[in-house]
Each structure stands twice: as structure tokens, then as C-alpha cells.
Protein chains: 2
Amino acid sequence: MSAEDVKLKLVEAEEPDENDYRLQDQVGFILRKAHQRHVSIFAAHIADLTPPQFAALAKLHDVGETSQNQLGSLIAMDAATVKGVIDRLKARGLVELSKHEVDKRRLLVNLTAEGRDAVARLIPIARDITQETLAPLSAKEVAIFMRLLAKLA
Amino acid sequence: MSAEDVKLKLVEAEEPDENDYRLQDQVGFILRKAHQRHVSIFAAHIADLTPPQFAALAKLHDVGETSQNQLGSLIAMDAATVKGVIDRLKARGLVELSKHEVDKRRLLVNLTAEGRDAVARLIPIARDITQETLAPLSAKEVAIFMRLLAKLA
DNA sequence: TCAAATTCATTCGTATGCAAATGATATCAA
DNA sequence: TTGATATCATTTGCATACGAATGAATTTGA
């Protein structure tokens, strides 16, 4: 093989570019689609609440009173996003806000009685949503998938 | 065991409700966080384009001229969403629009020369983004994960 | 053929999601 | 103590994302 041939071969080997990039095989693209599908399943079961709204209620049910930002960090929302979510839940009477006695910066968030009822009513449905989202996988695959997905989150 | 005891035990067994629902273990919640992490990695590598915008460019590079809605279905965007994405790419000179000669409903989308250059330049970076997103997994785990994730998307 | 149904695109309204800037309050450190 | 930092919350601006309504153009089917 001549020096020129070697060079050509190297150039070929160094050039996977463009031609073999398939968007539909990229993890980000598929992750986005899987998320879309989940949101769609969620909406089919719970029409009057979004996944982020339900996440806020469920977490409040777990931990009780917290500040708005603290709640946000528990459910992976930045300050601006959680504010919008909490505002809408408040407008619907599912949470109530109060000021922290000591630290005047903090805005405390609590479930209302109606909010507690909603969570209790919705949790069984949320379990169905999880199951339907994972339905394409066998039980064994679910265990593997959840373990790996958690590593990426 | 008395009949009463049996009844109590059954009631307990039938009541997983609320108490064992952990938001942070639900597939939808983790899917949302994994997607957030990916978007953040994307933004760190490609500051001037969003993942949906890049998806549109990469797919146009693949398939060439298509109608706006057709492109949307190829990259999993509804008509309203894809319109916004294409409008912004057009404003930046990365795509150009034209009317379909025969079917006057259709709006054809094409990469501009600048758009083609951008895709060529960005595809290697996009490959890095995929790799970094999957970095927490071993090669074997990546293969398994992608197979299962595809089933859910 | 022609009325009904479908497709393509647009617009409106609502809801995340995040960066950046701002203001109020609290904490830290020299 | 007080000046520098840090934290909590809000606001603005921009970008998906999608349901629903609308209008234009095409296709279907009786």
C-alpha cells in the first residue's frame, strides 16, 4: 500500500461525519419523545392537572409545609417555574401560602384540605399512569430500565 | 385468627395507597429530569440553538426539502410547535420557505447554504452531546438502555 | 359531479422551563 | 459591627408544547 493509499484510508476512517448521524437514534431525541408520550398518557388519565402540578401536590403531601424554592428543588423546578405552578395551584384552592415567621424571605406552601383530598384521590390514578407508561416493557425490563434511567437523571 | 382479624389483614393488604407512592421513583418524574439534564448538556455545547431547532436542521439535512407539517411529524412536533421553530430558523437565515407548486396548502422548507454549513459543523458536537448524556452508563448499559427507551417512545 | 371529509397551515390561549436582572432579607467574615 | 456574599422570591423575555378553533385547498365517495 502506497503512502497515498494509507492517507486515503485514514481520511475515510476519520470521516464518520454527517452521513451516519441519525437523529432518531440519539438519546436526547428519544428521551424527548418518551417524555411526550408520558405526558400524553398522564393527560388522558388526569385531565385537570399537569404532571408538574401533580408533582408539587404529591411532594407537599410527602413532606408537608415547605418554602416555595425548597419545594422547587425537591421536584426539580427552578424558582421561576415553581412560582408559576404554585400560583396556579393556589388560584384553584389546592395550596395556600403564608409567610415564614422568622425568615421573612421565605414563602411557605401548604396543601389545603381540598388539596389533600385531591392527592389522595389521584395517587391511585398516578400509579396507573406509571404502569401504562411502562407497559411496553416486561417486569424484568422495567427494573433494568428504571435503574439505568435513574443514572441519567 | 378470628374473622375480624382476617378482615383487618385484608384491609391492610389492599391499602398500598398514598403511603408508598414515591414521586421520585415514578418513571414520568425521572424521565422529566433526564430530559432536563440532556437539554442542559446540549446548551453547554451548543449555545445558539435549541435541541428542537437542531433536530429540524438535522432532519432537513437528512431528507431534503419537505413541507412544514411533514417535517414536524418526522421530528415529533405538532403543527403549532414546528411553525414556531421554523419561523425562528428562517429569521436566522438557516432555512428558507417556498410554496408547493401543485398543492397550494403546503409550505416547503429547505436548508440554506448557511443552514447546511451549520449542520455540518454541529453534527460532530451533537455526537459529543449524546456521548456526554450517556456517560453515566457503560457501553453495555447504553445498548440496553437505548433498546428499552426506544420501546417507550 | 359535488358535498363531505381530510389535510395543511395559522392563530390563540395556557403551561412548563430557564437565563438574567432585581430587590429584600439573612449570613458570613474581616 | 459592617461590608461582602448568599439566599429567597419575583419579574421579564424567549422557546418549546399542545388543545382548540379557523380558513384554505385537496381528496374522497356516493
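Chain letters run A, B, ... following the sequence lines, proteins first and then strands; every chain starts at 1. In this text the structure is predicted, and so the values were computed from the model without any measurement.
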>> How many whole angstroms separate atom CG of Leu71(A) from atom C1' of dA9(D)?
In response: 14 Å

>> Which residues pass the side-chain contact (heavy atoms from CB on, under 4.5 Å) test with Ile144(A), not counting sequence neighbours?
In response: Leu148(A), Ile144(B), Leu148(B)

>> Under a 3.5 Å threshold, yes or no: a donor from one side chain and an acceptor from the other, between Asn110(B) and Glu96(B)?
In response: no

>> Using whole Å, what does the distance between atom P of nucleotide dC18(D) and atom CZ of Phe42(A) come to?
In response: 15 Å

> What is the distance, rounded to the nearest whole Å, between atom NZ of Lys83(B) and atom P of dA15(D)?
Replying inline: 14 Å

>> I need the full list of ring pair (Phe, Tyr, Trp, His ring centres under 6.0 Å) pairs touching residues 101-124 of chain A, with sequence neighbours left out, sorted by first then second residue.
In response: none

> When the distance from CG of Asn69(B) to P of dC18(D) is rounded to whole Å, what number comes out?
Replying inline: 14 Å

>> Angle between ring planes, His35(A) versus His35(B), binned at 30° and 60°: parallel, tilted or perpendicular?
In response: parallel

>> How many whole angstroms separate atom CD of Gln70(B) from atom P of dT7(C)?
In response: 13 Å

>> Distance alone, cut at 3.5 Å: any donor-acceptor contact between the side chains of Lys33(B) and Gln24(B)?
In response: no

> What string of B, S and - do you get for nucleotides 12-19 of chain C 5' to 3' if you count protein non-hydrogen atoms under 4.0 Å?
Replying inline: ---SSBBB

> Taking CD from Gln68(B) and P from dA9(C), how many angstroms apart are they, rounded to a whole number?
Replying inline: 6 Å

>> Do Asp128(A) and Glu132(A) have side chains that approach each other closer than 4.5 Å (heavy atoms only, starting at C-beta)?
In response: no

>> Can you list everything that forms a side-chain contact (heavy atoms from CB on, under 4.5 Å) with Arg88(A)? Sequence neighbours excluded, please.
In response: Gln53(A), Val85(A)

> According to the ring pair (Phe, Tyr, Trp, His ring centres under 6.0 Å) rule, which pairs have a member within residues 117-153 of chain A, sequence neighbours left out?
Replying inline: Phe145(A)-Phe145(B)

Could you run down the sub-3.5 Å N/O contacts of the protein with nucleotides 23-25 of chain C?
{"unit_1": "dT25(C)", "atom_1": "O2", "unit_2": "Arg105(A)", "atom_2": "NH1", "d": "3.4"}

> Rounded to the Å, how far apart are Arg106(A) CZ and dA6(D) P?
Replying inline: 17 Å

> What is the distance, rounded to the nearest whole Å, between atom CZ of Phe29(A) and atom P of dT16(D)?
Replying inline: 14 Å

>> Quick check: closest heavy atoms across Ala153(A) and Ala34(B), and the distance to 0.1 Å?
In response: CB-N, 3.8 Å

